[in-house]
Amino acid sequence: MGDNKRKRGPKPKTPVAEDTNITTMDIQYTNPTIANDAVSVPANETATDPSSSQPSRRGRGRPRKTEKLNIAASPERRSLRHVDQNGDGGHALAVVSEPPLMFPSWENVARVVPAMEAVVKVFCVHTEPNLSLPWQRKRQYSSSSSGFVIGGRRVLTNAHSVEHHTQVKLKKRGSETKYLATVLAIGTECDIAMLTVSDDEFWEGVSHVEFGELPALQDAVTVVGYPIGGDTISVTSGVVSRMEILSYVHGSTELLGLQIDAAINSGNSGGPAFNDRGKCVGIAFQSLKHEDVENIGYVIPTPVIMHFIQDYEKNGEYTGFPVIGVEWQKMENPDLRTSIGMRTDQKGVRIRRIEPTAPESHVLKPSDIILSFDGVNIANDGTVPFRHGERIGFSYLVSQKYTGDNALVKVLRNSEIIEYNIKLSTHKRLIPAHINGKPPSYYIIAGFVFAAVSVPYLRSEYGKDYEFDAPVKLLDKHLHSMAQSIDEQLVVVSQVLVADINIGYEDIVNNQVLTFNGMPVKNLKSLASMVENCDDEYLKFGLEYNQMVVLQTKTARAATLDILMTHCISSAMSDDLITKENTLKEVQSTLDDPKTRDTILEEVQETKEIF
């Protein structure tokens with residue numbers, strides 16, 4: 001604006017606005033003068049008509065203190081000022097260069113506004129299972145997050161936004177109505193969920209977003225959503241600062257991700273990230289909170305999003321991201337490469353272990369050197385060319401495939417190059433990272449609560465820092481053990497509901513069950529079946545560290561009914577473990593118990609008296 005010196009001329013008759021709100025994404029104008037594209041002048045100056053010949057008087061006294069209007073603008077704008085040359089008795093027209101107002105062009109408005117209208121607010125009521133008390137659920141709670149409309153009457157949001165949902169509602173921007181939504185698919189690994197709304201009114205006047213290409217480093221991104229701090233839509237901007245294989249916290253997996261410096265707060269989850277052309281390049285899903293960092297947010301990029309969408313369209317459901325079921329070692333040490341027989345022009349990674357449940361376990365062997373995947377050579381550090389001047393972990397190539405797809409793998413074995421066409425599948429873990437929204441499994445006998453261990457179970461038992469607080473034995477199995485079969489589970493005695501029959505066993509907590517009556521325990525369902533069908537005099541459970549639990553069979557079954565009634569537990573096992581044979585045995589056991597039979601007869605008699 002130049003220096004703020006006193007200017008000669010008449011005092012301004014019309015006050016100038018002191019504040020101007022200009023939102024480049026939303027185009028909201030609160031100053032009508034600016035909206036009409038009038039020439040703005042500082043509050044101590046006036047824009048006069050150049051054709052006017054009436055001389056202006058010099059103001060007497062000290063100039064009035066006024067506030068300047070701070071407007072960012074371009075230096076190319078020029079405005080006319082009428083300046084009185086008082087000493088010369090003439091009038092001169094001075095041309096003064098001033099920065100103009102910056103307004104988004106209408107071409108940009110046409111592209112950006114429809115994308116903004118596609119962003120919706122997601123309301124969800126969650127009812128999480130209580131994995132420590134698996135026969136009941138926790139108290140329900142509500143959350144709000146963001147989402148956006150895509151083609152085919154569908155809406156995308158984050159998987160953790162609708163996890164364990166009992167009700168999901170969507171609200172469009174500028175609307176007061178919430179519409180009931182249906183969850184079509186949940187991709188836990190990639191943290192994406194797909195919704196739809198059956199009400200046709202919701203889709204009236206709604207435009208969907210268009211997906212753009214994977215952005216480059218330093219490309220501008222704008223995150224749109226409904227974060228904490230207000231009810232209306234929020235816009236934050238930044239640049240792409242990093243692109244690599246990231247750890248997806250919710251899915252406990254590693255996929256391609258973008259790191260940006262735009263603020264991502266609670267409630268932004270599921271909101272789109274747009275590039276400068278108004279096209280969606282990702283979904284906001286997590287941020288890094290630490291005292292040593294600030295403004296580090298993460299976005300799910302378009303390759304992962306399109307994989308989720310095409311997987312659903314292809315199979316009618318979400319099938320997941322396949323993996324190569326191997327653990328590998330870098331081959332950066334020259335002595336290591338020489339000892340295995342690798343030539344100087346050969347590069348790759350060494351297989352340490354192979355998942356027994358993986359299809360490739362039949363062809364690949366430990367100490368094989370993986371040279372390439374689908375024709376792409378793998379470096380000694382496990383990376384492959386990504387884009388110009390960039391490299392990325394070769395697991396990115398695997399994640400681009402779909403479950404059931406084939407891939408050509410070239411390996412070096414005993415100085416001989418062999419090619420295998422392997423079939424890709426999802427990862428089977430001994431301790432699953434999630435339970436996919438299913439109710440937890442449990443089995444109770446004589447107060448002993450048996451459960452299958454999962455990451456949500458460990459989190460329920462030991463809190464979010466379970467990796468530090470859980471028993472070392474369980475953590476070792478979680479990090480290093482491999483499932484030997486598809487249906488293998490790690491079964492533990494979760495707790496003991498104290499009763500007279502289990503005196504001396506009260507302190508057993510989260511001990512693994514290895515055998516029952518000398519037979520190995522494969523999973524929770526097999527344990528329940530063996531106990532229910534046991535005709536031996538005693539029930540003998542072999543736990544880790546050579547600990548034994550022995551119960552008399554007949555007494556244990558009779559005591560189970562009393563314990564269930566004491567703790568208001570409706571069933572001794574979860575629904576997924578109930579079979580026809582188990583149901584008949586449970587009914588027979590109930591009728592054989594005199595105390596329980598008398599209680600049932602009393603309740604029947606009371607019911608007759610009421611009627």
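Just so it is clear, the model here is predicted, and its values are computed rather than measured.
- Heavy atoms of other residues, nucleotides or ligands lying less than 6.0 angstrom from CD of E213 number 12 at most.
- Side-chain atoms of Y457 and S494 include a donor-acceptor pair closer than 3.5 Å.
- A salt bridge does not link K178 to D199: none of the charged nitrogens lies less than 4.0 Å from a carboxylate oxygen.
- Under the 6.0 Å distance and 45° angle rule, K279 does not count as a cation-pi partner of F211.
- Using cut-offs of 30° and 60° on the angle between ring planes, the pair F394 and F373 is tilted.
- The cationic atom of K169 (NZ for Lys, CZ for Arg) does not lie both less than 6.0 Å from the six-membered ring centre of Y179 and within 45° of the ring axis.
- Ion pair E117/R173 flagged as a salt bridge, since at least one NZ, NE, NH1 or NH2 atom sits closer than 4.0 Å to an Asp/Glu carboxylate oxygen.
- With sequence neighbours excluded, the residues forming a side-chain contact (heavy atoms from CB on, under 4.5 Å) with S395 are I245, listed by chain and number.
- Around atom CG of L479, more than 12 heavy atoms belonging to other residues, nucleotides or ligands sit under 6.0 Å away.
- Proximity of a side-chain donor or acceptor of Q489 to a complementary backbone N or O of L524 within less than 3.5 Å is detected.
- Separation of atoms NE2 (H480) and CG (D476) is listed at 5.5 Å; rounding is to 0.5 Å.
- Ring centers of F321 and F308: at least 6.0 Å apart, outside the cut-off.
- Evaluated for a side chain to side chain contact (heavy atoms under 4.5 Å, CB included) with S237, the options D276, T222, V221 yield exactly one hit, T222.
- The shortest distance between side-chain heavy atoms of P227 and S234 falls below 4.5 Å.
- Taking the charged nitrogens against the carboxylate oxygens, K401 and D374 do have a contact shorter than 4.0 Å, which makes a salt bridge.
- Of the candidates L514, L527, N511, L527 is the only one forming a side chain to side chain contact (heavy atoms under 4.5 Å, CB included) with F541.
- Using a cutoff of 4.0 Å between basic side-chain nitrogens and carboxylate oxygens, R154 and E313 are scored as salt-bridged.
- The closest donor-acceptor contact from the side chain of N130 to the backbone of R137 lies at 3.5 Å or more, if one exists at all.
- With R139 contributing its side chain and E128 its backbone, the two residues share no donor-acceptor pair below 3.5 Å.
- Of the N and O atoms on the side chains of D576 and S441, at least one donor lies less than 3.5 Å from an acceptor on the other residue.
- V125 places none of its side-chain heavy atoms less than 4.5 Å from the side chain of H165.
- Heavy atoms from other residues, nucleotides or ligands lying under 6.0 Å from NZ of K525 number 12 at most.
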_Intermediate values then yes/no, side chain to side chain contact (heavy atoms under 4.5 Å, CB included), S269 and H160_ = CA-CA 9 Å; S269 295; H160 69 261; 3.1 Å; yes
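- A distance of 6.5 Å separates CD1 of I260 from OG1 of T236, quoted to the nearest 0.5 Å.
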